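Because the structure is predicted, anything quoted here is derived from the model rather than measured.
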Amino acid sequence: QVELAESGGGLVPAGGSLRLSCKVSGPAFTSYTLAWFRQIPGKEREFVASNRRRGENTYYADSVKGRFTMSRDSAENALYLQMDSLKPEDTADYYCAANRRLILSALGLPHMYNYWGRGTQVTVSS
């Protein structure tokens, strides 16, 4: 069983930075596809970033490319999302997700991930 727990959310002014963490427990961390999604209440969950395995490419949504950086630490079994140059439109609940290795075309699809954290709230003030 894979369990995920996010932390690091908070309130930050526009232009500021936050670093989200996701602790991953369970087997086969290194072989799992890991991802970040975000969701505004009442709207669909939106893809942010995903990586299939350390050393492979990380894929980002166009809306965050160049501002957000996703990384994974096998020693800590942790996933991170460094968010810089934050904008008010980045305000959302952020979730980490995991699944066994996914094909590239599936990386941005929330329903392809079996394991989710409970989320952490990020609010960017204007």
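Judged by distance alone, the side chain of Thr120 and the main-chain N or O of Gly9 form a donor-acceptor pair under 3.5 Å. Without hydrogens or angle criteria, Thr91 side chain to Val124 main chain gives a donor-acceptor distance under 3.5 Å. In this structure a side-chain-to-backbone donor-acceptor pair under 3.5 Å is present from Asn51 to Asn57. With Lys23 contributing its side chain and Glu3 its backbone, the two residues share no donor-acceptor pair below 3.5 Å. Of the possible donor and acceptor atoms, one in the side chain of Arg52 sits under 3.5 Å from a partner among the backbone N and O of Leu102. With hydrogens and angles disregarded, no donor-acceptor distance shorter than 3.5 Å links the side chain of Glu46 to the backbone of Arg38. With hydrogens and angles disregarded, no donor-acceptor distance shorter than 3.5 Å links the side chain of Gln121 to the backbone of Gly10. The backbone N or O of Arg53 sits nowhere less than 3.5 Å from a side-chain atom of Tyr32 that would complete a donor-acceptor pair. In this structure a side-chain-to-backbone donor-acceptor pair under 3.5 Å is missing from Arg45 to Gln39.
In summary, Lys87 and Asp90 do not engage in a salt bridge, as defined by a charged side-chain N under 4.0 Å from a carboxylate O.
Side-chain contact between Asn77 and Ser25: absent, with no pair of heavy atoms (C-beta onward) separated by less than 4.5 Å. Under the 4.5 Å side-chain criterion, counting only non-hydrogen atoms from C-beta, Thr69 is not in contact with Leu81. Looking only at side-chain heavy atoms (C-beta outward), Tyr60 and Ser50 stay at 4.5 Å or farther from each other. By the 4.5 Å heavy-atom criterion applied to side chains, Met83 and Tyr94 are counted as neighbours. The shortest distance between side-chain heavy atoms of Val24 and Tyr115 does not fall below 4.5 Å. Looking only at side-chain heavy atoms (C-beta outward), Tyr59 and Val48 stay at 4.5 Å or farther from each other.
Leu79 and Ser71 make their closest contact through CD1-O, 3.3 Å (heavy atoms, listed as atom of the first residue, atom of the second, distance). When every heavy atom of Phe47 is checked against every heavy atom of Gly108, the shortest pair comes out as CD1-CA, 3.6 Å. Pairing each heavy atom of Thr30 with each of Ser74, the nearest pair is CG2-OG, 3.6 Å. Contact between Glu6 and Gly117 at its shortest, heavy atoms only, is OE2-CA, 3.2 Å. The minimum heavy-atom distance between Ala106 and Tyr113, with the atom names listed, is O-CE1, 4.2 Å. Closest approach of Ser17 to Ser85, counting heavy atoms only: OG-N, 4.4 Å.
A side chain to side chain contact (heavy atoms under 4.5 Å, CB included) with Pro88 is found for exactly one of Pro13, Ser126, Ser125, namely Ser126. Screening Val122, Thr123, Leu18 for a side chain to side chain contact (heavy atoms under 4.5 Å, CB included) involving Leu11 leaves a single residue, Thr123.
Taking a 6.0 Å sphere around NZ of Lys43, one finds it holds 12 or fewer heavy atoms contributed by other residues, nucleotides or ligands. Counting heavy-atom neighbours within 6.0 Å of Arg101 CZ, excluding the residue itself, gives a total above 12.
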_Evaluate Leu86 against Phe68 for side chain to side chain contact (heavy atoms under 4.5 Å, CB included), listing each step before the verdict._
CA-CA 9 Å; Leu86 282 162; Phe68 290 10; 3.8 Å; yes
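To the nearest 0.5 Å, the span separating CD on Glu76 from OG on Ser21 amounts to 10.0 Å. Distance check, rounded to the nearest 0.5 Å: CZ of Arg54 to CG of Leu34 gives 12.0 Å. Residue Cys96 holds its SG atom at 9.5 Å from CE of Met70, rounded to the nearest 0.5 Å. Note that CZ of Arg118 is 14.5 Å distant from OG of Ser7, once rounded to the nearest 0.5 Å.
Defined by atom type and a distance below 3.5 Å, a donor-acceptor pair is missing between the side-chain atoms of Thr33 and Asn99.
Taking the six-membered ring wherever Trp is involved, the centroid distance between the rings of Tyr95 and Phe37 does not fall below 6.0 Å.
For the pair Arg19 and Tyr80, the cation-pi criterion (under 6.0 Å, within 45° of the ring axis) is fulfilled.
Residues Val2 and Met112 fall into different hydrophobic clusters, defined by Ile, Leu, Val, Met, Phe, Trp and Tyr side chains chained together at heavy-atom separations under 4.5 Å.
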